[in-house]
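What follows is a single structure, written as structure tokens, with notes after it.
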Amino acid sequence: MLVLPPSGVTLFMRRSRFLINTLKETPKEAVVVSHVLMMRTCMIKQLASGIYTLMPLALRSVRKIETIIREELDRAECQELSMPMVQPAELWRESGRWQAYGKELLRFKDRKENGYCLGPTHEEVITDIARREIRSYKDLPVNLYQIQNKFRDEIRPRFGLMRGREFLMKDAYSFDVDEEASSVSYQAMYDAYKRIFTRCGLNFKPVEADSGAIGGSYTHEFHVLAGSGEDEILSCNNCDYAANVERAELAAMPPAGVPADAADPVEVHTPAKKTIEDVAAFLEVAPETCVKTLVFRAGDDIVGASLMGHRELNEAVLRGRLDVAELELVTDTATFEKHGLCPGFMGPINWPKDVPLYVDEEVMGRETVVTAGNKRDYHLTGVVPARDIKPTEVLTLRSARAGDGCPRCGEGVYASYRGIEVGQVFKLGTRYSQAMNATYLDADGKEQVMVMGCYGIGVTRTMAAAIEQNHDKDGIIWPVQIAPFHVALLNLDVKDDEVNEACEAVFKGLRAAGAEVLIDDSPLRPGPKFKDADLIGLPIQVKVGSRSLKQGNIEVKVRKTGERRTVPLAGAVDEVLGLLREQGWNASPGQV
RNA sequence: CGGGGAGUAGCGCAGCCUGGUAGCGCAUCUGUUUUGGGAACAGAGGGUCGCAGGUUCAAAUCCUGUCUCCCCGACCA
């Protein structure tokens, strides 16, 4: 009875046989919309913190995403394989990450006391494969991928599938003879990713990003745009430049000179005005004219960082300059006192000589500013940075933000978006191949290190992001390409033979065309069926009830627009198929 | 790891302060009437109150310990 297309996704299911218990109320632990809706539609069940069962409805959507990924990666001449989730510690010691990875790596021992971990990613394993199997430049390039569960012992799992500990990920790894060839592989994956997320029906943006801890040189993140996204991305409104805010570049700002009429700074009594907001309000100046100064512990050293009051510090820049992995904001009184610093009133004037002071170039670009006085309850107005501030070094310490000028085209300005990172393409260079000795012989018979790239897509996170981006107050609005089914066929009178026959006719017509149908043949009243259909959010709803059937009609509703059409039973199938195609659906060959 | 909150029926919650036979709504099952945007009535099943100690004649309730989950922060290929 069940028709199995090549993807393994059945073409229909009867609600009466389908395990789906929808909830009217929201489970209390769900705080983001994708989590709420996945709980309410019985898509996921939590087993432990950050660990979920994918119920039948969710798995169907996951399979759709997987299929799109496979088709596009296969088109890009990648090869699928499957690597073990359990990995020996020895391999991770070789790459140096057994030490470096931290507690996200879930480690354990087997009965013989040998160390293992659950794979959070597979660079080590794939590099081991490559060094064993690839001998010659004639074997390259190679791009291998898998779609597999990963485990990362996140500090704080949250938001359901958005940040779980166990999750489904597609990870691909490219091996090339040199940097130039690696760039070709990188670009091929970049292009494949654009096709994948387009085919998933998602509104997304590829952005330049920070390379983080994995160790590499060049990377793009793919973000699904959604107001609830965890990442801020900046995009030029004039050219193609877009970047994660951590990485977004800023146009250089020339230092200002000393104004001809510049007076000396004036000390002003500002009792208990510690924050920029308080000081600006008290002095009746804009926060943009006040300088704030932060003190960090960087390893054993203490450093200061000054930037304009309305700006956020880009910690990555300071970390990079100081070559430290972590910066900790100093809050303890003892440290402040030791260096003669006055919390709440720290400024670049009269700065202690034993503490390096890094100043943002925007500060030096101002003719006059307001700073704290390094003295309790006092600020200085009329400070001329070019004359009065003696920085250890001037850096671009501030984070870019919306409205800042684009450094690439020089014409546009940044607009800000929220994004959910669903994919990343990454040039690894020889970070792993070097450490693990993955080499090949070139045409001259000389041993060369392979150049690698790695490419991830969070499959389950992509599904969550799709819901974050596509929903309304009533429920999910699935993009047709990754919807668990295409059509919700609602039988409103299961006891009425004519209605049953009409449903069967519509169903058969849709099935013959390759559309996937969820038939609601439950004995529920119409109201709950409508609510459930909206909640589950399949692209098209077909309602067959005795009332309109008496006139020979049925009703078709488009979930996305809410548009309802009453159509004759005879034309219903074509009507539905037309609406599905309008949304970008096309039956895969062989799926009929 | 720091701060906050919560564990009582499948889900959402009350009861705890002031100890005395565990309750409400939704869901589930049966029946009747309903039947096009989450029906009504009647009845039924379902909980060792997270776990372990302790206090007490008596503990969901008080005390101690412990586990789990959630939120904020730090972190995040």
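Convention: sequence-line order gives letters A, B, ...; per-chain numbering from 1.
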Any strand counts, and the cut-off is 3.5 Å on both contacts for Watson-Crick or G-U wobble. Which nucleotide pairs with [N]?
N	value
G12(B)	C24(B)
G43(B)	C29(B)
U35(B)	none
G73(B)	C1(B)
G53(B)	C63(B)

Look at all strands and tell whether [X] reaches a base, only sugar-phosphate, or nothing, counting heavy atoms closer than 4.0 Å.
X	answer
Lys103(A)	nothing
Tyr455(A)	nothing
Asp534(A)	base
Asp532(A)	base
Glu555(A)	base
Met39(A)	nothing

If only side-chain N and O atoms count, and only distance matters, is there a donor-acceptor pair under 3.5 Å linking [Y] with [X]?
X	Y	answer
Asn314(A)	Glu246(A)	no
Ser174(A)	Tyr455(A)	yes
Lys427(A)	Ser182(A)	no
Ser82(A)	Gln148(A)	no
Ser546(A)	Asp493(A)	yes

Between [N] and [M], how far apart are the two [atom1] atoms, rounded to whole Å?
N	M	atom1	value
C49(B)	C62(B)	C1'	15 Å
C72(B)	G25(B)	C1'	31 Å
A14(B)	U33(B)	C1'	33 Å
A59(B)	U21(B)	P	12 Å
G3(B)	U8(B)	C1'	27 Å
G38(B)	U48(B)	C1'	35 Å
U56(B)	C13(B)	C1'	30 Å
C70(B)	U28(B)	P	27 Å

Roughly, in whole Å, what's the span from [atom1] in [X] to [atom2] in [N]?
X	N	atom1	atom2	value
Arg158(A)	G5(B)	CZ	P	19 Å
Ile155(A)	G3(B)	CD1	P	16 Å
Leu329(A)	G73(B)	CG	C1'	13 Å
Arg152(A)	C75(B)	CZ	C1'	13 Å
Asp474(A)	G38(B)	CG	C1'	11 Å
Phe426(A)	C76(B)	CZ	P	13 Å
Arg15(A)	G38(B)	CZ	C1'	12 Å
Asn244(A)	C76(B)	CG	C1'	12 Å

Output a table of nitrogen or oxygen pairs between the protein and nucleotides 10-12 of chain B separated by less than 3.5 Å.
unit_1 : atom_1 : unit_2   : atom_2 : d
G12(B) : OP1    : Lys28(A) : N      : 3.3

### Query
Would Glu80(A) and Arg70(A) satisfy salt bridge (Lys or Arg N to Asp or Glu O under 4.0 Å), going step by step from the backbone distance to the final call?
CA-CA 8 Å; Glu80(A) 184 172 5; Arg70(A) 285 196 174 92; 2.8 Å; yes
### Task
Check step by step if salt bridge (Lys or Arg N to Asp or Glu O under 4.0 Å) holds for Arg97(A) and Glu123(A).
CA-CA 10 Å; Arg97(A) 289 208 292 184; Glu123(A) 280 83 8; 2.8 Å; yes
### NZ/NE/NH1/NH2 to OD/OE distance under 4.0 Å, Glu312(A) and Arg401(A)
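Arg401(A) and Glu312(A): not salt-bridged.
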### Query
If you take all heavy atoms of His486(A) and Pro539(A), which pair is closest and at what distance?
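Minimum heavy-atom contact is O-CD, 3.3 Å.
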Is the distance from OP1 or OP2 of [N] to the nearest side-chain N or O of [X] less than 4.0 Å?
X	N	answer
Gln46(A)	U68(B)	no
Arg156(A)	C72(B)	yes
Ser49(A)	U68(B)	no

### Position toward the 5' end of RNA chain B (nearest nucleotide), Lys529(A) or Ala48(A)
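Nearest nucleotide further toward 5': that of Lys529(A).
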### Of Gly458(A) and Val31(A), the one whose closest RNA chain B nucleotide lies more 5'
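Residue closer to the 5' terminus by nearest nucleotide: Val31(A).
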### Task
Return the residues of residues 543-550 of chain A meeting this criterion: a heavy atom under 4.0 Å from some atom of RNA chain B. Order them by number, or give none.
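Contacting residues: Lys543(A), Gly545(A), Arg547(A), Ser548(A).
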### Query
Using a heavy-atom distance cut-off of less than 4.0 Å, which residues of residues 459-473 of chain A contact RNA chain B?
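Contacts with RNA chain B under 4.0 Å: none.
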### Message
Quick check for you: among C72(B), U35(B), G38(B), whose closest atom lies nearest to any side-chain atom of Arg525(A)?
### Response
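Out of C72(B), U35(B), G38(B), the nucleotide with an atom closest to Arg525(A)'s side chain is U35(B).
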### Task
Tell me whether the centres of the aromatic rings in Phe18(A) and Phe485(A) are closer together than 6.0 Å.
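Under 6.0 Å, so yes.
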### Task
Assert yes or no for the condition that the ring centre distance of His122(A) to Tyr173(A) is strictly below 6.0 Å.
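No; Tyr173(A) has its ring centre 6.0 Å or more from that of His122(A).
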### Pairwise distance OH(Tyr116(A)) to CD(Glu90(A)) - rounded to 0.5 angstrom
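Spacing of OH (Tyr116(A)) from CD (Glu90(A)) equals 9.0 Å.
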### Query
Considering residues, nucleotides and ligands other than Gln99(A), do more than 12 of their heavy atoms fall under 6.0 Å from its CD?
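No, not enclosed.
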#### Entry: Option among Val62(A), Leu202(A), Val224(A) that satisfies the side chain to side chain contact (heavy atoms under 4.5 Å, CB included) test with Thr462(A)
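The single option meeting the side chain to side chain contact (heavy atoms under 4.5 Å, CB included) with Thr462(A) is Leu202(A).
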### Query
Can you find an N or O donor on one side and an acceptor on the other, under 3.5 Å apart, linking the side chain of Arg564(A) with the base of G36(B)?
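No.
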### Task
Kindly say whether, by distance alone, the side chain of Arg163(A) makes a donor-acceptor pair under 3.5 Å with the base of C76(B)?
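Indeed there is one.
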### Query
Considering the options Lys529(A), Arg525(A), Lys531(A), which one meets the salt bridge (Lys or Arg N to Asp or Glu O under 4.0 Å) requirement together with Asp520(A)?
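Of the listed options, the one satisfying the test is Lys529(A).
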